[in-house]
Amino acid sequence: MRSNRPTVADLRAMKGKRQLSKIRVFTMEEVEAAARAGVEILSVTPELILNPEFRDAAPDVFAIPGSVNSFFALKDDVMRDAFRFIRTGADAVYCAASLDTIRALADEHVPVCGHSGLIPHHSTWTGGFRAVGKTADTAMFVWKQVKALEEAGAFAAEIEVVPVEVASAISARTSVFLISMGAGGGCDAQYLFSEDILGYNRGHYPRHSKVYRNFAAEYDRLQQERIAAFSEYVADVRSGAYPEPKHVVGIEPGELKQFMDELQQA
């Protein structure tokens with residue numbers, strides 16, 4: 001059966017026409033939930049894209065894996081991972097390595113999603129974990145980042161924590177499919193992490209996140225239930241309430257007598 005999964009050409013054709021949704025997922029349960037919910041793009045871990053069950057769970061979702069080799073890695077390591085991901089069902093790869101590495105991937109026809117604006121692993125160069133592009137000079141810096149990615153052959157780029165007016169202006173002037181993380185609705189897709197959407201992130205929630213469920217409270221409740229269940233089990237073992245007859249197997253009286261007689265003689 002033909003897959004309805006969008007291609008790079010499809011995403012490019014949708015640029016500027018409607019907003020797509022992208023989620024970073026970490027488990028197969030989240031993959032399946034996102035696919036059933038109609039999420040168009042998934043950011044996935046290497047373990048997920050290499051899982052043979054991934055495409056069964058999400059046959060029609062555009063998948064972009066990234067690994068520790070997506071940044072601060074040798075070109076050969078990045079390319080080795082990228083080839084492996086594409087062979088096993090990835091539609092593109094995330095890469096925040098050098099433009100030379102992105103260019104090499106593009107030369108091999110590997111669709112690349114780059115990164116612009118606040119790039120966490122490069123944030124020391126832009127003043128830490130803060131917005132990038134709030135001045136004319138830094139806004140031009142983001143524009144030059146995106147244009148450099150475009151010229152290197154990246155078809156898409158995350159644009160993170162950039163003023164909405166700046167991101168919108170850049171998106172209108174580039175062929176790069178821009179994926180907004182806190183850069184407003186003038187881009188081509190919106191991107192959130194599952195841990196923020198589901199509310200189980202116990203650390204800092206970024207400004208652009210939106211919490212739709214409170215899984216943290218549910219996990220706390222389940223943990224208390226675990227402790228209670230384990231405590232009851234310990235108490236049953238100590239009191240002799242566990243195991244009960246229904247939890248064990250027996251032996252016919254005649255067989256038991258024969259065994260005990262032989263045991264006595266052993």
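For this chain, numbers begin at 1 and follow the sequence in order.
- Between K257 and D261 there is a salt bridge, with a side-chain nitrogen of the basic residue lying less than 4.0 Å from a carboxylate oxygen of the acidic one.
- Between H115 and Y94, the two ring planes are perpendicular [angle over 60°; tilted spans 30° to 60°].
- In this structure, a donor-acceptor pair under 3.5 Å is present between the side chains of E40 and S21.
- Summarising the geometry, atom OG belonging to S209 is positioned 10.0 Å from atom CD belonging to E195; distances are rounded to the nearest 0.5 Å.
- In this structure, CG on L105 lies 6.5 Å from CZ on F83, to the nearest 0.5 angstrom.
- The minimum heavy-atom distance between F62 and P6, with the atom names listed, is CD1-O, 3.2 Å.
- For P253, there are no side chain to side chain contact (heavy atoms under 4.5 Å, CB included) partners at least two apart in sequence or on another chain.
- Remark: E252 CD to Q258 CD distance equals 13.0 Å, nearest 0.5 Å.
- Classified by interplanar angle (parallel below 30°, tilted 30° to 60°, perpendicular above 60°), the ring pair Y219/F215 is perpendicular.
- Taking every heavy atom of both residues into account, I179 and C113 meet most closely at CD1-SG, 4.1 Å.
- Partner of V25 under the side chain to side chain contact (heavy atoms under 4.5 Å, CB included) criterion, out of L48, V61, I197: L48 alone.
- Side chain of S168 to main chain of V164: a donor-acceptor pair is present (N/O by atom type, distance under 3.5 Å, no hydrogens or angles).
- Ion pairing between a basic and an acidic side chain is recognised when a charged N comes within 4.0 Å of a carboxylate O; R24 and E158 show no such pairing.
- When all heavy atoms of S116 and V146 are compared, the closest pair comes out as OG-CG2, 3.7 Å.
- Rounding to the nearest 0.5 angstrom, the gap separating the CZ atom in F177 from the CG atom in D10 is 10.5 Å.
- Using a cutoff of 4.0 Å between basic side-chain nitrogens and carboxylate oxygens, R55 and D91 are scored as salt-bridged.
- No more than 12 heavy-atom neighbours from other residues, nucleotides or ligands sit within 6.0 angstrom of CD on E53.
- Separating the CG atom in D81 from the CD1 atom in I49 is a distance of 12.5 Å, to the nearest 0.5 Å.
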Expected list for residues 226-234: side-chain donor-acceptor pairs under 3.5 angstrom, two or more places apart:
from, atom 1, to, atom 2, distance (Å)
R226, NH1, Q223, OE1, 3.0
S231, OG, I227, O, 2.8

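- Panel note: side chain R173, backbone A169; a donor-acceptor pair is recorded below 3.5 Å.
- Closest approach of G199 and V211 over heavy atoms only: CA-CG1, 3.7 Å.
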